[in-house]
Amino acid sequence: MKRLSFYTALSLLLFAGVLQFVEAQGIIVTGISRTPRIENLRIEKHHVNVTIDNQLATTKIDQVFANPNNRQLEGTYIFPLADDVAISNFVLYIDGKPVKGELLAKDKARSIYEGIVRSMQDPALLEYVGTRAFKARVFPIPPKGERRIQLEYTQVINVDSGLAKYTYPLKTDNFSSQPVGSLAVSVDLKSKHALKTIYSPSHEIAINRDNDNRANISFEGTNIRVKRDFVCYYSRSDKDFGIDLITHRDNPDEEGYFMLLVSPKYEVNKKEIIEKDFIFVLDRSGSMKGPKIEQAKEALRYCVENLNDGDQFNLITFNTDVDPFAETLVSVKKERKNALAFIEDIVANGGTNINDALLAAVQDKPDQDRPRIIVFLTDGEATVGVTDSNLILKHVSGANRDQSRIFVFGVGYDVNVNLLDKIAEKNNGTRQYVKPQENLEVAVSSFYTKVSEPVLVNLELKLQNIRTKNLYPQKLPHLFRGTQLTVLGRYAGSGKSKITLSGDINGKKQEFANTAKFPKSESDHQFLPRLWAQRKVAYLVDEVRLNGENKELIEEIVRLSEKYGIMTPYTSFLVTEPEEQNRLMSRLTRGRSTTSVLRAKARSGSALKDRPAISPIVPTKELMVEESIELQALQIQDQVADTSVNIKQVKDKTFHLREGVWTDSTHKTETKTKKIEFGSKAYFELLKKEPELTKYLSIGKHVIVSHKGTSYEIHPPKQSEDESSK
């Protein structure tokens with residue numbers, strides 16, 4: 001599908017016939033030398049409601065623009081459009097009267113945009129060049145008042161090999177220095193064929209499935225900077241398992257990137273659900289007193305009440321001593337009522353004997369035909385019995401021998417993060433940390449809902465005719481109802497490949513296959529290289545945390561960080577005020593002196609250039625408790641995005657600000673550049689010849705970008721050398 005390349009954040013305002021203002025970078029061009037500054041319009045509301053019925057998508061936009069100034073403004077609302085979009089409704093009422101709009105042809109729209117770029121001297125507006133446009137006059141915009149605009153359009157979404165992509169250009173931070181007051185995107189997805197993969201590489205979406213054929217996808221926030229367009233992939237298939245492939249490969253001579261999305265059907269016949277064994281291990285030491293133990297008890301009640309009749313289970317509580325509900329696994333059907341009474345009597349007191357509690361959970365050899373899941377919940381460190389972390393890990397892993405999967409919940413900031421991480425990692429489970437203000441009951445019950453219905457276990461993935469490497473995750477997890485497996489990696493070669501997923505269903509080996517094409521070249525899906533790099537960095541940082549520092553690992557983390565523009569605990573791209581940087585970096589350090597070293601490097605715009613051998617920055621316990629290491633990297637990236645000014649990720653390229661020039665990370669300093677003046681005739685001729693450069697050149701007036709073997713240096717006009725970057 002063509003990218004829907006329109007942006008709703010552009011409003012060209014005219015005041016007193018001489019003042020031009022674009023809601024972009026707060027840029028004002030005026031013929032009056034002492035004109036008072038006009039504040040940007042604020043986007044108070046940006047709500048998007050999408051209905052996708054099979055392949056027909058209807059998008060309804062509702063925006064409210066607020067004028068914070070004490071004077072009336074006149075403006076023109078310009079709405080760029082892709083060729084495959086049909087406007088079906090435009091509503092703008094002023095004093096109760098509807099305002100008509102005009103549809104501009106591509107050539108006319110292009111001349112308008114180029115004129116704005118020249119007059120406003122604003123490269124960000126390049127993103128509009130080359131589109132059709134819808135135009136409407138907006139007058140008046142009253143002082144301290146608002147104007148509401150509603151727009152509706154339809155488009156047909158192409159489906160390629162069962163996979164569809166919907167894009168809404170939500171990003172506004174290139175065009176507005178202020179956050180969006182209320183932002184909401186809702187997609188109602190309907191399909192005659194069963195929906196399998198639903199995935200967004202751009203936003204953390206909530207997915208609510210009514211059944212196999214209908215789902216609602218949503219994202220919302222308040223007072224947030226919008227840094228990414230909204231992108232959502234979904235696939236349709238009536239097979240039991242959907243296996244979808246997404247690839248990106250800029251250069252046929254280099255390895256490509258791929259992402260496999262594996263999704264089981266949502267509606268599972270009860271006969272197909274695998275019978276399993278659950279052991280819940282609950283810390284009831286004195287530190288759990290109060291709301292924590294009550295939430296934990298409520299979570300356990302939820303789990304026991306929702307166990308399937310064919311499951312077996314046990315409850316083990318521990319403080320100084322270990323107190324099991326039963327000596328061995330018992331039938332859910334027979335013992336559910338007694339287990340609920342046992343939970344009711346749990347009281348928090350005493351010490352924390354982690355070693356004996358976990359050994360009690362793994363002492364029995366599991367039935368190979370029944371997955372055994374151990375849920376371990378604690379809020380502290382071992383204080384009784386064996387307290388050495390290495391010994392606890394050795395005892396538990398030795399007794400378990402990969403037979404049971406241990407899922408860990410750490411509560412609060414006093415947990416032994418390194419021990420819990422290693423317990424989960426060594427025993428094929430996951431770890432989740434719940435902050436003190438979070439609802440433990442919701443976290444545990446949400447986890448249980450996912451793992452209570454495994455549909456395929458002991459997974460193996462095979463690809464024919466294609467060489468793959470650096471796959472993440474390296475060990476495939478079980479697949480559960482309503483979840484999907486995401487595998488990222490690199491590939492060499494090209495052509496069709498049979499992708500086979502095998503696993504166990506109720507003790508019987510099953511195989512599911514799909515055929516997909518790995519292309520020699522693929523320019524779409526430009527999020528993939530960075531997403532793959534984030535997964536690899538997350539894996540490498542985990543390796544350092546779990547197994548200790550290693551020079552080669554740290555060097556690889558730094559290399560990936562520089563190439564793909566990823567924030568990590570070992571690198572810094574910050575250029576901020578010292579107080580702000582100290583606040584952010586203190587969350588990543590344990591009192592190490594490296595902060596000042598990185599801050600000095602960051603000020604010079606070369607945090608990674610000629611980087612000295614320094615001690616790595618280790619995340620604090622509080623930060624490790626908050627999120628997984630992969631999400632930490634994304635979280636840190638977003639936190640510093642508003643203050644960091646020396647690195648930008650555009651499509652598949654990373655740019656570093658070096659001495660006032662946005663420089664492509666792939667550009668070699670010894671390579672001679674072809675110089676072109678920003679806004680000149682040659683500048684726009686280059687964009688017409690190479691339209692894909694538009695995105696890269698939109699980041700500033702002084703840019704060096706490598707493209708098709710040539711390094712172009714776009715430099716500002718001589719009269720504005722002092723404004724070489726936005």
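Along the sequence shown, residues are numbered consecutively beginning with 1.
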Do [X] and [Y] pair up side chain to side chain, a donor and an acceptor below 3.5 Å, judged on atom types alone?
X    : Y    : result
H667 : S711 : yes
S182 : H47  : yes
E713 : H702 : yes
T58  : Y153 : no
T51  : D188 : no
H715 : E677 : no

In Å and rounded to the nearest 0.5 Å, what is the [atom1] to [atom2] distance from [X] to [Y]?
X    : Y    : atom1 : atom2 : answer
W662 : I704 : CH2   : CD1   : 13.0 Å
D664 : S706 : CG    : OG    : 4.5 Å
I246 : S235 : CD1   : OG    : 9.0 Å
D62  : K60  : CG    : NZ    : 11.0 Å
T694 : F684 : OG1   : CZ    : 9.5 Å

Side-chain (W532) to main-chain (N470) donor-acceptor, under 3.5 angstrom: yes

Crowding at CD, E220 (>12 non-hydrogen neighbours, <6.0 Å): no

Exceeds 12 heavy-atom contacts within 6.0 angstrom, atom NZ of K45: yes

Stacked cation flag R490 on Y257, 6.0 angstrom / 45 deg: yes

Stepwise side chain to side chain contact (heavy atoms under 4.5 Å, CB included) check, S680 with I676: CA-CA 8 Å; S680 65; I676 298 175; 4.0 Å; yes

Residues E685, K688: salt bridge by 4.0 Å N-O rule: no

Ion pair K668/E670, N-O distance below 4.0 Å: no

K536 vs E556, salt bridge (charged side-chain N to carboxylate O under 4.0 Å, His left out): CA-CA, chis, key distance, verdict: CA-CA 10 Å; K536 182 169 183 178; E556 179 65 1; 3.2 Å; yes

Least distance between heavy atoms, E522 atom then T247 atom: CG-O, 3.2 Å

Minimum-distance pair of heavy atoms, taken over all atoms of N67 and I141: ND2-O, 3.3 Å

Aromatic plane relationship, Y491 with F518 - under 30° parallel, 30 to 60° tilted, over 60° perpendicular: perpendicular

Y233 and Y199 aromatic ring geometry - parallel, tilted or perpendicular at 30°/60° bounds: tilted

Derivation and outcome, side chain to side chain contact (heavy atoms under 4.5 Å, CB included), residues K701 and I714: CA-CA 7 Å; K701 296 181 193 173; I714 307 302; over 6 Å; no

Test salt bridge (charged side-chain N to carboxylate O under 4.0 Å, His left out) applied to E692 and K708, step by step: CA-CA 11 Å; E692 58 267 40; K708 295 181 179 179; 3.5 Å; yes

Worked check of side chain to side chain contact (heavy atoms under 4.5 Å, CB included) between L686 and Y712: CA-CA 10 Å; L686 174 64; Y712 296 96; 3.8 Å; yes

Test side chain to side chain contact (heavy atoms under 4.5 Å, CB included) applied to Y166 and I52, step by step: CA-CA 9 Å; Y166 173 82; I52 302 178; 4.1 Å; yes

Pairwise side-chain contact, H248 with P529, heavy-atom cut-off 4.5 Å (strictly under): yes

Test item: I61 and E152 side chains (from C-beta on) under 4.5 Å apart, heavy atoms: no

